[in-house]
Amino acid sequence: MADVKVKKESTDPVDIENRIKELCQQFPHGITDQVIQNDMPHVEAQQRAMAINRLLSVGQLDLLRNSSGLLYRLKDAQSASKMKGSDNQEKLVYQIIEDAGNKGIWSRDIRYKSNLPLTEINKILKNLESKKLIKAVKSVAASKKKVYMLYNLQPDRSVTGGAWYSDQDFESEFVEVLNQQCFKFLQSKAEAARDSKQSPMVQRNSSFATSHEVWKYICELGISKVDLSMEDIETILNTLIYDGKVEMTIIAAKEGTVGCVDGQMKLYRGVNPIIQPTGLVKTPCGLCPVFDDCHEGGEISPSTCVYMVEWLDF
């Protein structure tokens, strides 16, 4: 009977380093030491540590920290080449900004995470900006503050305000035009359904439109200078719902259908109220979704309600 040969895993340092890099490629967000240990149980802890330290020292890995502990992530070759010649403090600040993603990070938070003096951080930020590695973006959340992010990133809508803001100013006229046009489209669809002279149920069903249909109509009008997403259009449609001009229903839909999310699709249709709403309904309290939780002295209170203040000022 022939001897059965068991293949032994290589414990060569180069092979261990290559395998760690392969794991990092499989998990772009980073891997823990436990992941490496599970993949290479034959490798001793000292050998793993030596391989990781070697990759860190030559700049092929980034060392990160999250709630679960240390993470090792493969360093982007382009970023590594850009940071060549930078000192450790500059690399640290760059890494902190990179981890913040497209939401950016305040200089105060950079100071807290890096534990560097503010004067040193300002100097590093100016240097990184001059190299076009990072950029400063004004946030709609605070007009006098800037957040820093990587130069090639598109800022998150929470920073720029999305399509509704231009140079930190809310485009109320633009929103009103979109509001009117969306309602006009839904009204025309409802009128076409009524003119079809079909049964009431068929008329009702054919008066509905998907958010994709409304989005397509707005795009074809060419009234927006910025690219609007379906999410933007649904935000406008929601305001029409709050105004009592539109109603929404949710139906089941096949996966892959345009506008379908988790097997469901939202449909909208314009409505005309049979009678005018009472005065109470027109107040913020009449439409408030947290009306039952509102009471004096509570977290939600009439005396601190911003919507009530705006309504009274109007």
Side-chain angles (χ1 to χ4, degrees), residues 101-104 135-141 143 147 149-198 201-273 287 289 307 310:
N102 64 346
K103 291 188 176 181
K135 62 183 176 183
V137 180
K138 289 183 178 180
S139 173
V140 295
S143 59
V147 294
M149 63 186 67
L150 296 190
Y151 188 80
N152 60 342
L153 291 181
Q154 184 70 23
D156 186 79
R157 63 185 300 138
S158 63
V159 177
T160 62
W164 319 131
Y165 283 81
S166 176
D167 295 329
Q168 294 186 295
D169 293 326
F170 181 68
E171 296 285 350
S172 57
E173 292 182 5
F174 174 55
V175 172
E176 182 60 28
V177 169
L178 285 177
N179 196 297
Q180 292 172 2
Q181 291 301 324
C182 287
F183 183 55
K184 180 182 177 182
F185 173 76
L186 293 175
Q187 270 189 320
S188 64
K189 195 168 180 67
E191 289 172 4
R194 284 194 295 270
D195 295 340
S196 65
K197 305 300 182 182
Q198 297 182 13
M201 185 59 70
V202 174
Q203 286 185 31
R204 183 181 185 278
N205 291 339
S206 59
S207 66
F208 280 99
T210 64
S211 53
H212 180 264
E213 289 177 303
V214 183
W215 169 80
K216 186 178 179 182
Y217 170 76
I218 295 297
C219 291
E220 289 174 350
L221 284 179
I223 58 177
S224 175
K225 295 180 181 179
V226 296
D227 293 331
L228 295 173
S229 65
M230 281 196 4
E231 185 182 356
D232 293 328
I233 295 302
E234 287 184 357
T235 301
I236 295 295
L237 292 171
N238 285 337
T239 64
L240 290 169
I241 293 173
Y242 301 146
D243 290 340
K245 296 178 179 179
V246 169
E247 69 176 15
M248 180 192 73
T249 187
I250 299 177
I251 63 170
K254 290 182 179 180
E255 290 292 344
T257 306
V258 178
C260 174
V261 179
D262 296 330
Q264 294 182 331
M265 181 183 292
K266 295 177 181 178
L267 297 179
Y268 303 85
R269 78 182 187 110
V271 292
N272 294 316
L287 297 171
Y307 304 108
E310 292 175 358

Practice problem: Taking only Lys NZ, Arg NE, NH1 and NH2, and the carboxylate oxygens of Asp or Glu, determine whether R204 and E247 approach each other closer than 4.0 Å. | Solution: yes
Self-check item: Heavy-atom check, side chain of Y217 versus side chain of K184, under 4.5 Å
Solution: yes
Self-check item: Inter-residue atom distance L237.CG - L178.CG, 0.5 Å rounding
Solution: 10.0 Å
Self-check item: Approximate separation, where rounding is to 0.5 Å, of L228 CG and T235 OG1
Solution: 10.0 Å
Exercise. Report the distance from atom CD of Q187 to atom CD of Q180, rounding to the nearest 0.5 Å.
Key: 11.0 Å
Practice problem: Check whether more than 12 heavy atoms from other residues, nucleotides or ligands sit under 6.0 Å from atom CG of N152, and answer yes or no. | Solution: yes
Exercise. Could you pull out the closest heavy-atom pair between V214 and A209, with the gap in Å?
Key: CG2-CB, 4.5 Å
Self-check item: Student check: side-chain heavy atoms of V271 and V246 closer than 4.5 Å
Solution: no
Practice problem: State, yes or no, whether a side-chain contact exists between Y268 and I241 at a heavy-atom distance under 4.5 Å. | Solution: yes
Quiz prompt | Considering all heavy atoms, the nearest G101-M149 contact | solution = O-CB, 3.6 Å
Practice problem: Measure from the side-chain N and O atoms of N179 to the backbone N and O of V175, and report whether any donor-acceptor pair falls under 3.5 Å. | Solution: no
Quiz item: Quick one: are I223 and Q181 in side-chain contact, heavy atoms under 4.5 Å?
Solution: yes
Exercise. Any chance you could measure M265, atom CE, to H212, atom NE2, to the nearest 0.5 Å?
Key: 9.5 Å
Quiz item: Judged by atom type as modelled, is there a donor-acceptor pair below 3.5 Å linking the side chain of Q264 to the main-chain atoms of I251?
Solution: no
Practice problem: Answer whether the closest heavy-atom distance between the side chains of K189 and S207 falls below 4.5 Å. | Solution: no
Quiz item: Roughly how far, to the nearest 0.5 Å, is the CD1 atom of I236 from the SG atom of C182?
Solution: 6.0 Å
Quiz item: Is there a side-chain contact between P155 and N102 (heavy atoms, below 4.5 Å)?
Solution: no
Self-check item: Sidechain-backbone polar pair: D232 side chain, S229 backbone, donor-acceptor under 3.5 Å
Solution: yes
Quiz item: Quick one: are Q203 and S196 in side-chain contact, heavy atoms under 4.5 Å?
Solution: yes
Quiz prompt | Side-chain donor or acceptor of K135 paired with backbone N/O of L153 under 3.5 Å | solution = yes
Quiz item: OG1 of T249 to CZ of R269: how many Å apart, nearest 0.5 Å?
Solution: 9.5 Å
